[in-house]
Amino acid sequence: MSKKLTKRSEDYSKWYNEIVVKADLAENSGVRGMMVIKPYGYAIWEKMQAELDRMFKETGHENAYFPLLIPKSYFSKEASHVAGFAKECAVVTHYRLKNDENGKGIIVDENAKLEEELIIRPTSETIIWDSYRKWIQSYRDLPLLINQWANVVRWEMRTRLFLRTAEFLWQEGHTAHATKAEAIEETEKMQNVYATFAENFMAMPVIKGVKTESERFSGALETYTIEALMQDGKALQAGTTHFLGQNFAKAFDVKFTSKEGKLDYVWATSWGVSTRLMGALVMTHSDDFGLVLPPKLAPIQVVIVPIYKTDEQFDAISAKAEEMVKEFRKKGISVKYDHRRTHKPGWKFAEYELKGVPLRIAIGPRDLENGTLELARRDTLTKEIVSQENISNTIANLLDEIQDNLFNKALEYRNNHITEVNSFDEFKEVLENKGGFILAHWDGTAETEEKIKNITKATIRCIPLDAKDEEGKCILTGKKSSKRVLFSKAY
RNA sequence: CGGGGUGUAGCGUAGCCCGGUUAGCGCGCCACGCUGGGGGCGUGGAGGUCGGAGGUUCAAAUCCUCUCACCCCGACCA
């Protein structure tokens, strides 16, 4: 199989697809829009999960699990929620198959029609709030801080591996609070958790903000988002947290008695990140040679490749390599000694580059003689000869340096692609020729937002939290505006 | 869901327009040998319901109909 990748400059989306497939992250399955996540890709997702899960627990959340199937009636209880998801729901209508009498194989047994149809969850608010009604009576039951790791199904028209699949893996947090202020605080706290994760682990800088009304989650009063910028100048929504007000509490009749003895509806939030982050990770760091992984999420942080001719050499090298492996593991560095004799060194080099392994050690007879190693960095594609002495420290430091370097590179790119514009012509010009985020004034109306979207395909990604007050005029209508909002074309 | 395109061995493809022996090639795979500090070389070998179903025909990878999947562009979305 030829492993040569399409260049980003030639065809960005082809490049993306090829990386996902050739780096062995995932592939399409026989079901439209649903992917198979392969072991190497899943290992990265597991690393993301592990860290996020740790962060959720550290902020007081517990994991639970709710059913995959949701009665249709639950779904319609919150009006805007059902409106938002109705068009993309898979529905279970029967519970039995039978052999066709005409020998045409197995068919749906029409006698096994469900009394009430079940929806395959596109998100779990409704079934979770149906449970919360039973769990919450008093302010003493609050706050209720629950997270679930699950799969959901949304019948998307156009799918792309990781970025938009008909089934995806995610976590969804669903919390209930006694006060509005506390719920908002939770929403903001989780946005910060997501931002910290994105920046510290994925090495992916994000902009925190809130969504405009038209981009809000169906059923939310406010949607907070973290927005990342991909290498092709398009934005990617990396995680959202929602302040749901009392909408779901009212829809599912979840009331509690307060300290003062007053009966009131509880306040809700929900928040989620998905396997889409895998796509974000690929598109943030990778290059024309393949995947580039930040050390903190790399399943293999260091690979050791032996170079040898004779069995004696192989044995001597292996002894040294195994010694290093032990030393690295002691330090918590994940290492693979690739002792396969079935593949040649050059082949392995190319393979690990494609798979984004941050550091590669090559060790041969020459090194054994000199007490050296060849150390190659994936991020800079540079090689140097280093001493075997203190190698685990050298590696540990270098992994940190690579993590920082990837973040800084991405940050620099992102910052160079935030452009302030003051007219619509300028807006269109930047969008077309430079791409990236555009900070511009907007009159605050959904109509203007819609018009700009129709003309340019750019949407308001968010109203940045750190937007400073500044008098200005809407780029489209010229009406007064008090702050700039963040526009971009988006995934 | 609308417009356009593509499905031939694990992957990439030639052949299709203009139907006619045994469907060709590269990579990969298997065996053996030479090799080995960046996807190395040689020899031999295995692998195909030509996406699927139906039709036209003496004859279909090739023509027609339907269908499924994927890619690109729209609308929708995490």
Side-chain angles (χ1 to χ4, degrees), chain A residues 1-6 11-14 16-18 21-22 27-35 83-89 104-105 122-123 152-172 194 211 214-218 223 225-228 235-242 270-280 289-290 305-311 313-314 317 340-354 360-370 372-376 381 383 385 453-454 457 459 461 490-491:
Chain A
M1 182 184 6
S2 167
K3 294 267 178 155
K4 223 164 261 162
L5 283 170
T6 299
D11 187 338
Y12 190 83
S13 85
K14 194 169 176 197
Y16 172 80
N17 281 325
E18 283 181 6
V21 172
K22 291 187 175 170
E27 64 190 20
N28 279 306
S29 73
V31 187
R32 182 194 188 94
M34 296 192 180
M35 66 180 166
F85 286 105
K87 325 181 270 314
E88 52 190 21
C89 281
K104 293 211 167 171
T123 178
V152 291
V153 168
R154 297 182 188 175
W155 215 259
E156 298 289 346
M157 295 306 175
R158 267 182 73 188
T159 59
R160 292 188 67 190
L161 293 168
F162 289 118
L163 295 175
R164 178 166 302 108
T165 44
E167 177 190 22
F168 55 94
L169 307 184
W170 76 344
Q171 58 67 218
E172 44 182 330
Y194 286 159
K211 288 289 186 187
S214 50
E215 297 272 333
R216 227 173 254 159
F217 176 75
S218 305
T223 287
T225 179
I226 55 170
E227 297 285 328
L236 187 123
Q237 180 176 307
T240 47
T241 70
H242 314 289
S270 70
W271 27 275
V273 293
S274 71
T275 36
R276 182 179 230 206
L277 289 180
M278 295 285 294
F289 298 96
V305 177
I307 292 155
Y308 57 91
K309 287 183 192 171
T310 65
D311 285 353
Q313 287 173 341
F314 177 76
I317 290 161
R340 286 178 298 173
R341 310 187 72 152
T342 50
H343 296 270
K344 276 150 279 178
W347 191 93
K348 291 176 183 174
F349 292 170
E351 184 68 9
Y352 291 112
E353 240 154 54
L354 182 61
R360 183 187 72 230
I361 291 173
I363 175 168
R366 215 151 66 203
D367 298 300
L368 282 189
E369 224 167 88
N370 304 333
T372 57
L373 299 164
E374 182 193 82
L375 194 51
L381 291 167
K383 288 193 284 202
I385 304 297
K453 182 181 172 182
N454 289 340
K457 288 178 202 159
T459 51
R461 302 318 304 154
Y491 276 97

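Convention: sequence-line order gives letters A, B, ...; per-chain numbering from 1.
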Let's test your reading of the pairing rules: Watson-Crick or G-U wobble, both distances under 3.5 Å, then write RNA chain B as a dot-bracket string with ( ), [ ], | and dots. (((((((..((((......[...)))).((((((.....)))))).....(((((..]....))))))))))))....

Is the shortest side-chain heavy-atom distance between [X] and [Y] below 4.5 Å?
X	Y	value
A:I307	A:D367	no
A:F289	A:L5	no
A:N28	A:T159	no

Using whole Å, report how far [atom1] of [X] lies from [atom2] of [N].
X	N	atom1	atom2	result
A:E156	B:C71	CD	P	14 Å
A:E351	B:G40	CD	P	12 Å
A:I307	B:G39	CD1	P	11 Å
A:K22	B:G10	NZ	P	17 Å
A:R360	B:G37	CZ	C1'	10 Å
A:R341	B:U35	CZ	C1'	13 Å
A:Q313	B:U35	CD	C1'	13 Å
A:K309	B:G40	NZ	P	17 Å

Expressed as a whole number of Å, how far does the [atom1] atom of [N] sit from that of [M]?
N	M	atom1	result
B:U13	B:G28	C1'	14 Å
B:U57	B:C64	C1'	12 Å
B:C18	B:U22	P	24 Å
B:A60	B:U21	P	12 Å
B:A9	B:A14	C1'	14 Å
B:G74	B:U8	C1'	31 Å
B:C71	B:U35	C1'	41 Å
B:C63	B:C17	C1'	11 Å

Nearest-nucleotide comparison on RNA chain B, the residue closer to the 5′ end among A:A490 and A:L373: A:L373

Assign each of A:E215 and A:R160 to its nearest nucleotide of RNA chain B by heavy atoms, then name whichever residue's nucleotide is nearer the 5' end. A:R160

Mind checking if [X] touches a base, just sugar-phosphate, or nothing, with heavy atoms under 4.0 Å?
X	value
A:Q237	sugar-phosphate
A:K211	nothing
A:F217	nothing
A:L163	base
A:T165	base
A:S13	sugar-phosphate

From the options [options], select the nucleotide whose nearest atom is closest to the side chain of [X].
X	options	result
A:N17	B:C76, B:C72, B:G37	B:C72
A:K453	B:G38, B:G37, B:C76	B:C76
A:R158	B:C71, B:G39, B:C1	B:C1
A:R366	B:G36, B:G37, B:C1	B:G37
A:K457	B:G74, B:G39, B:C71	B:G74
A:N28	B:G37, B:C1, B:C70	B:C70

Any donor-acceptor N/O pair, A:T372 side chain to A:I385 backbone, under 3.5 Å: no

After noting the C-alpha distance and the side-chain angles of A:F349 and A:K383, does the key distance pass the side chain to side chain contact (heavy atoms under 4.5 Å, CB included) rule? CA-CA 12 Å; A:F349 292 170; A:K383 288 193 284 202; 5.7 Å; no

So which atom in [X] and which in [Y] form the shortest heavy-atom distance, rounded to 0.1 Å?
X	Y	answer
A:K348	A:H343	CE-O, 3.4 Å
A:I317	A:P306	CG2-CB, 3.7 Å
A:W271	A:T241	CB-CG2, 3.5 Å

With hydrogens left out and only the distance checked, is there a donor-acceptor pair under 3.5 Å joining A:K344's side chain and the base of B:G37? no

Atom CZ of A:R32 with >12 non-hydrogen neighbours under 6.0 angstrom: no

Hydrogens and angles aside, do A:T459 and A:R461 bring a side-chain donor and acceptor to less than 3.5 Å of each other? yes

Can you check side chain to side chain contact (heavy atoms under 4.5 Å, CB included) on A:E167 and A:M35, steps first, answer last? CA-CA 8 Å; A:E167 177 190 22; A:M35 66 180 166; over 6 Å; no

Please list each protein N or O that sits under 3.5 Å from an N or O in nucleotides 66-69 of chain B, with the distance.
unit_1	atom_1	unit_2	atom_2	d
B:A69	OP2	A:R32	NH1	3.2

Run the salt bridge (charged side-chain N to carboxylate O under 4.0 Å, His left out) test on A:E227 and A:K211 for me, step by step, so that the C-alpha distance in whole Å, both residues' side-chain angles and the decisive distance to 0.1 Å come before the verdict. CA-CA 10 Å; A:E227 297 285 328; A:K211 288 289 186 187; 2.8 Å; yes

